[in-house]
Each structure stands twice: as C-alpha cells, then as structure tokens.
Amino acid sequence: MIETTTIRPFTAASFNQYLAEGKLMAARCADCGKLSLPPRAICSKCHGVNLVWTETSGKGKLAGFTVVYIAPTFMIEQGYGRDKPYVSGIVELDEGVKISARILGVDATQPDSIGIGTRLEVGFIEAGEGDKKKSYLAFKTRQE
Amino acid sequence: MPKSRPLLRGVSIIGVGMSKFGAFPEKNSRDLFVEAFKDMTGSVDKGLDPAVIESFYLGNFSSDLFEHQGHTAPLLLDAVGLTPIPATRVENACASGATALRQGVMAIASGLYDVVLVGGAEKMTDLPTADVTDTLATAADVPFEISAGFTFPGFYAAMATAYMAKFGMKPEHLMNVAIKNHDNGALNPNAQFGTTIQKWMEGRIASAIKKGKPAPNWTSIWDFLHDGYANPIVAWPLRLFDCSPITDGASALLLVAEERAREFTDIPIHIIGSAQASDTALHNRLDLTSLPAAKLASSQAYGMAGISASDVRIAEVHDCFTIAEVIASEDIGFFAPGEGFKAAEDGMTARLGGKPINTSGGLKSKGHPVGASGVAQVFELWKQMRNEAGERQVPGDVPLAMTHNVGATGSTCVVHIFERRE
Ligand SMILES: [Zn+2]
C-alpha cells in the first residue's frame with residue numbers, strides 16, 4: 001500500500017511521527033523497488049531519489065536478541081536495569097527488511113526460552129512524561 | 001566494489017610505544033600520550049630526533065564527552081613539543097586508532113611526508129559507568145538502534161544469539177576466549193588486568209576469608225564464571241567476563257618511508273596491506289553472524305599484500321566482547337564460518353596454538369581505551385615480530401602478522417598486514 005497523499009521528508013523525525021500514529025513506515029524506491037527500513041532519502045541500490053513511504057506488514061520474526069541488565073540512562077529512568085531487565089532485538093519483517101526494536105511478550109528472566117525465529121507483530125510503547133513523551137517501536141509475540 | 005591498489009611507495013614502522021593501560025584518576029589523555037610518545041622514542045634502535053617528524057594523526061573517539069575536551073590533536077602534539085607540524089584527529093569510534101594509522105600510511109605513500117607520528121588516546125574512567133555506556137552508544141545509529149534499548153554489549157549479545165542459533169554454540173564456549181585472553185594478559189606488563197581468571201578467583205576467595213565472610217565454594221574457574229554474583233549478566237548471553245573493560249590509555253607509532261627505514265633501525269616492520277570498509281547499522285545486514293566490512297577489508301588487505309590467511313602467523317583482533325573475537329577469527333579467514341568458537345575451545349588461538357590470536361591479552365585483558373586500541377594492536381605485533389615480547393613471545397618466527405580493528409558493530413573495519421624481512 002503506497003501513501004501518496006502526504007509526502008513527509010525521509011527523516012528520523014518523520015519515522016517517529018508515524019510511530020506515534022501507530023504505523024511502521026518504510027521507504028520504497030520507485031525506480032528499482034528496493035524497500036528501506038529505516039527509511040532513507042536516497043536508494044542504496046540504484047542511488048535514485050524517487051522514494052515513497054510504504055506501510056509495512058508489521059509482521060516478522062526474531063533474528064537476534066539480548067536481555068539487557070546494564071541499561072542506558074533513558075531506560076534506567078523508565079525503571080529498567082539489573083532488577084528489571086528487558087529484551088531488545090532485531091526483527092526481520094516478512095518483506096525481508098530488518099529493524100531494531102523492544103521485544104514484548106517474552107520472558108526476560110528465561111532467555112533460554114526465547115527462540116530465534118519466533119513470530120512477532122508490531123506494537124508500540126509510549127514512555128516519558130510531558131515534553132519527553134515519545135513512542136518507541138516494539139514487537140510482541142504473535143499467535144499464528 | 002573498490003579495487004585494491006598497491007601503495008605508491010612502501011611504508012615502514014620504526015618505533016612503537018604505549019602507556020600502561022588501566023584506570024588513572026590523576027592522568028588525562030595528554031599525560032598518557034606523553035608516556036606513550038616517550039616509550040616510542042626509546043624504542044627507535046638508532047635513536048630519534050623528534051624534529052624529523054612531519055605530521056601527526058591521532059585516533060580518539062570521544063574526548064569531548066569523556067573529558068569535556070575537544071580539538072585534541074594539537075593539544076597532544078603540543079604536549080610532546082612538536083608544534084607547528086599538522087595535527088589531525090581521526091574519529092571512527094573504536095576503529096579510530098587503525099583509521100589514524102591508515103591516514104599516516106596514505107600520507108607517506110603519497111610522497112607528501114617521509115616521517116609521520118600516529119597516536120591513539122582515550123581517557124574513559126572519569127565518568128560513571130552509565131555515562132560511559134551512553135557515550136559509547138553514540139557510536140551506534142542513535143535514532144534507530146539506541147531507541148530500541150540496545151547497548152554495545154547488547155548488540156554483540158544479539159550477534160551471539162544469532163550465532164548460537166545458526167552454529168550450535170553455547171554461552172559457555174565464549175568463556176574460552178576470556179580465559180585465553182586473561183592468560184595472555186597476565187604476561188603483559190602494560191595490561192589493565194595482568195592476571196589470569198584462576199588468580200582472580202583465588203584473590204576473591206582470599207579476600208572473603210580475610211573479611212570473615214563465608215568463602216565461595218568455587219572448585220574451578222568454570223564455577224566462578226557461572227556464578228551470577230562473581231560474573232553477572234551484562235546483556236544476556238554476555239556476562240561481565242565477556243566484556244572488555246573501561247580503560248585509560250595511549251599508544252604511539254612512528255612511520256617512515258620504506259627507503260629511509262634503515263636510518264632508524266635494522267629491523268623495521270613493513271606495512272604491506274592496508275584496507276578499510278564501511279557498513280550499515282547492524283539491523284540492515286543480511287546475516288548477524290559475520291561483519292561484512294571485516295571480510296571485505298581482510299580480502300582487500302590480503303590482495304594488496306599478495307598473501308592469504310594461511311600465511312599469517314598471528315593476529316591482534318578486535319575482541320571488545322568474546323563473541324567479537326570468535327566472529328573476527330572467521331571474518332579474517334583463519335577459520336570457516338561456525339568454526340571459530342571450536343578453534344577457541346581446542347586451543348588453536350592460544351599463544352602456543354597454531355593460530356595465536358591476541359597474544360597481548362586483547363582488548364579484553366589488556367584494556368580498551370577506545371581510540372588507542374587500534375594503535376596498541378600494532379605495538380604487540382612489533383614486539384612479537386622482532387622477538388621482543390618477553391614471557392609472552394610466541395614460539396617460532398613471526399614474519400607476517402595482521403591487525404583487525406572494528407568501529408561499533410562493524411560500521412567500520414580496518415585491517416593491516418605487517419611483514420618483517422631479513
Ligand atoms: Zn533504487
């Protein structure tokens with residue numbers, strides 16, 4: 001499905017705006033068809049500049065993951081760390097592109113139970129208060 | 001695909017130096033670089049008049065955030081008394097050091113200079129750990145990777161889970177890399193952790209007894225490494241002993257045009273391969289169990305040198321995490337994909353094995369002052385190739401050796417190949 005009504009610039013800010021609207025958007029090259037996620041303004045395959053925003057299927061599988069115990073400051077501020085570890089992963093969408101995201105619906109205390117290839121679907125996390133409020137990309141486990 | 005072209009003229013190393021690596025609250029990166037520079041001048045066999053040095057390239061990742069000090073190159077140059085020659089800081093995250101070396105190689109090969117100083121420096125221990133984590137994270141794709149909660153141990157942990165799923169490795173296998181690199185570091189007087197894991201464990205037991213606490217009932221280092229208190233998880237499956245430390249340190253090399261090398265030493269070390277490649281963020285790669293930039297830089301460096309991996313006697317590779325050494329040992333062609341963790345388990349990569357890796361102790365045990373690491377790798381090879389590595393000297397001759405220095409998760413990789421000729 002190609003959106004043609006509004007052409008937002010191919011920037012991290014636009015990507016995050018779409019996340020806040022509940023959409024995981026990629027950029028498709030109108031010249032060669034290559035799909036880019038995260039979005040990019042110049043195609044890395046044919047170097048063309050005719051990109052269009054495309055909503056992804058939001059469905060994919062886990063390609064790699066970790067359970068983070070020593071957290072960065074912004075996650076510590078959300079209450080995570082040694083006593084409350086969380087899962088971050090790389091998700092391969094059914095379209096073949098990958099993206100980094102928080103992984104939900106798996107047991108962070110039982111990493112052996114988390115399988116590479118686990119089916120996932122897109123979800124979104126809102127965190128922070130007031131001006132710091134932001135939507136983060138997440139994927140959750142999916143029952144087929 | 002970029003072509004691998006030969007250098008227009010040869011480049012040789014005629015001196016190396018480094019500071020001790022560790023945590024030095026009373027020293028900044030300038031002080032540490034002065035130590036490395038003095039060590040380097042002392043290593044030049046026929047003596048060095050520093051006035052012959054014509055240009056300076058410095059590898060430094062983030063003095064801005066670590067020390068609140070930018071514009072570091074001329075400051076360090078001035079500290080060793082070499083103004084007004086050009087001073088240039090090179091930043092490529094953890095590959096800053098080897099990237100600086102490569103600038104020096106190209107500057108001499110082009111004919112612009114005959115004598116070039118290459119340095120690396122990083123002062124990391126002034127900041128609390130969370131701030132160091134945040135600073136290192138700036139080497140990643142911040143809006144798209146860090147927002148997912150990833151840390152640097154987390155990225156390499158994700159590679160480890162992909163590698164485990166593909167090749168059947170267990171987290172325990174990675175401990176072989178840590179044990180081996182601490183064994184090597186115990187023989188290196190410049191290492192941050194100059195102790196084996198065995199000695200480390202014994203020290204912990206002795207300290208518990210001294211404090212009147214119950215002694216831990218570890219019967220071997222494997223018990224110790226499996227203990228969640230002694231070796232806590234950082235980013236599963238990576239634990240504390242899978243990670244290189246936070247380190248202060250500096251290193252220095254002196255490069256000259258090959259035709260002038262014998263003015264300074266009868267045993268120069270020649271740089272016969274130099275290659276560098278770049279890549280996307282980790283999530284954009286087809287496969288998470290290899291670094292494409294490392295494979296490309298390796299094959300180009302081998303092509304320039306006219307040799308293959310089987311010709312190389314030893315390597316210093318970028319073991320920021322234990323899994324990184326396993327993957328590196330495959331990317332540089334020492335072992336086939338999926339075989340690197342077995343080679344570590346079998347002792348192939350040990351100092352006395354068939355393909356020694358990180359005889360210095362690597363980043364894991366020697367320490368990882370980010371910008372200094374890529375230059376300090378060359379320090380180790382210089383010592384080994386000249387039979388000057390003392391207790392940690394590998395047996396037999398070392399005529400060919402290589403370095404592999406990675407920035408972030410492989411967005412940069414720089415490979416150099418070194419030769420000693422009679
Ligand atoms: Zn295209």
Side-chain angles (χ1 to χ4, degrees), chain A residues 11-16 19 35-40 44 62-78 80-82 85-93 96-104 108-112 114-118 125 127 134-139, chain B residues 127-138 140-167 170-171 228-229 232-240 242-243 246 279-289 321 323 409:
Chain A
T11 58
S14 298
F15 179 81
N16 287 333
L19 285 188
L35 190 67
S36 292
L37 183 70
R40 52 170 69 243
S44 61
L62 190 61
F65 73 97
T66 182
V67 185
V68 178
Y69 283 72
I70 304 292
T73 302
F74 83 98
M75 291 299 288
I76 293 172
E77 286 169 359
Q78 293 176 31
Y80 292 97
R82 169 131 338 263
Y86 62 91
V87 181
S88 294
I90 294 173
V91 180
E92 181 174 349
L93 296 180
V97 290
K98 297 196 193 77
I99 189 80
S100 299
R102 290 276 304 286
I103 308 297
L104 309 176
T109 66
Q110 300 290 333
D112 287 321
I114 305 172
I116 299 293
T118 298
I125 298 173
K134 193 183 161 198
S135 290
Y136 294 92
L137 181 62
F139 278 76
Chain B
L127 296 183
T129 301
D131 292 355
V132 173
T133 301
D134 292 349
T135 299
L136 293 173
T138 65
D141 182 340
V142 173
F144 294 107
E145 292 183 305
I146 299 305
S147 60
F150 269 112
T151 58
F152 262 92
F155 289 124
Y156 279 89
M159 292 185 216
T161 58
Y163 189 103
M164 284 157 56
K166 187 170 179 182
F167 297 118
K170 303 283 180 215
Y229 291 96
I233 298 171
V234 173
W236 190 90
L238 302 183
R239 295 168 177 267
L240 183 63
D242 290 296
C243 306
I246 296 164
D279 204 352
T280 61
L282 180 62
H283 55 217
N284 283 128
R285 301 182 201 153
L286 278 178
D287 184 89
L288 304 178
T289 65
F321 301 96
I323 181 64
T409 57

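This structure is a prediction, so every number in the text was calculated from the model and none was measured. Below, chains carry the letters A, B, ... as their sequence lines are ordered, and counting in each starts from 1.
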Return the [atom1] to [atom2] distance between [X] and [Y], rounded to the nearest 0.5 Å.
| X | Y | atom1 | atom2 | value |
| --- | --- | --- | --- | --- |
| A:Ser36 | B:Asn284 | OG | CG | 7.5 Å |
| A:Leu62 | B:Thr161 | CG | OG1 | 7.0 Å |
| A:Ile116 | B:Met164 | CD1 | CE | 8.5 Å |

- Message: Given 3.5 Å as the limit, does a donor-acceptor pair link the side chain of A:Arg102 with the main chain of B:Ser147, or not?
- Response: no
- Answer yes or no: is there a donor N or O on one side and an acceptor on the other, between the side chain of A:Tyr69 and the main chain of B:Pro232, under 3.5 Å? no
Interface moiety of [X] toward chain A, non-hydrogen atoms closer than 4.5 Å:
| X | answer |
| --- | --- |
| B:Ala137 | neither |
| B:Leu238 | neither |
| B:Ile233 | both |

Minimum side-chain heavy-atom gap [X]-[Y] below 4.5 Å:
| X | Y | value |
| --- | --- | --- |
| B:Tyr156 | A:Thr66 | no |
| A:Ile90 | B:Leu288 | yes |
| B:Trp236 | A:Asp112 | yes |

What is the minimum heavy-atom distance between [X] and [Y], and which atoms define it?
| X | Y | value |
| --- | --- | --- |
| A:Lys98 | B:His283 | CB-O, 2.7 Å |
| A:Met75 | B:Gly149 | CG-CA, 4.3 Å |
| A:Ile70 | B:Thr151 | O-CG2, 3.6 Å |
| A:Ser88 | B:Ala148 | OG-O, 2.6 Å |

Which bit of [X] is near chain B, if near means a heavy-atom gap under 4.5 Å: side chain, backbone, both or neither?
| X | answer |
| --- | --- |
| A:Ile125 | neither |
| A:Val97 | neither |
| A:Tyr86 | side chain |

- Query: Do the rings of A:Phe15 and B:Phe144 sit parallel, tilted or perpendicular, given the 30° and 60° boundaries?
  - Reply: perpendicular
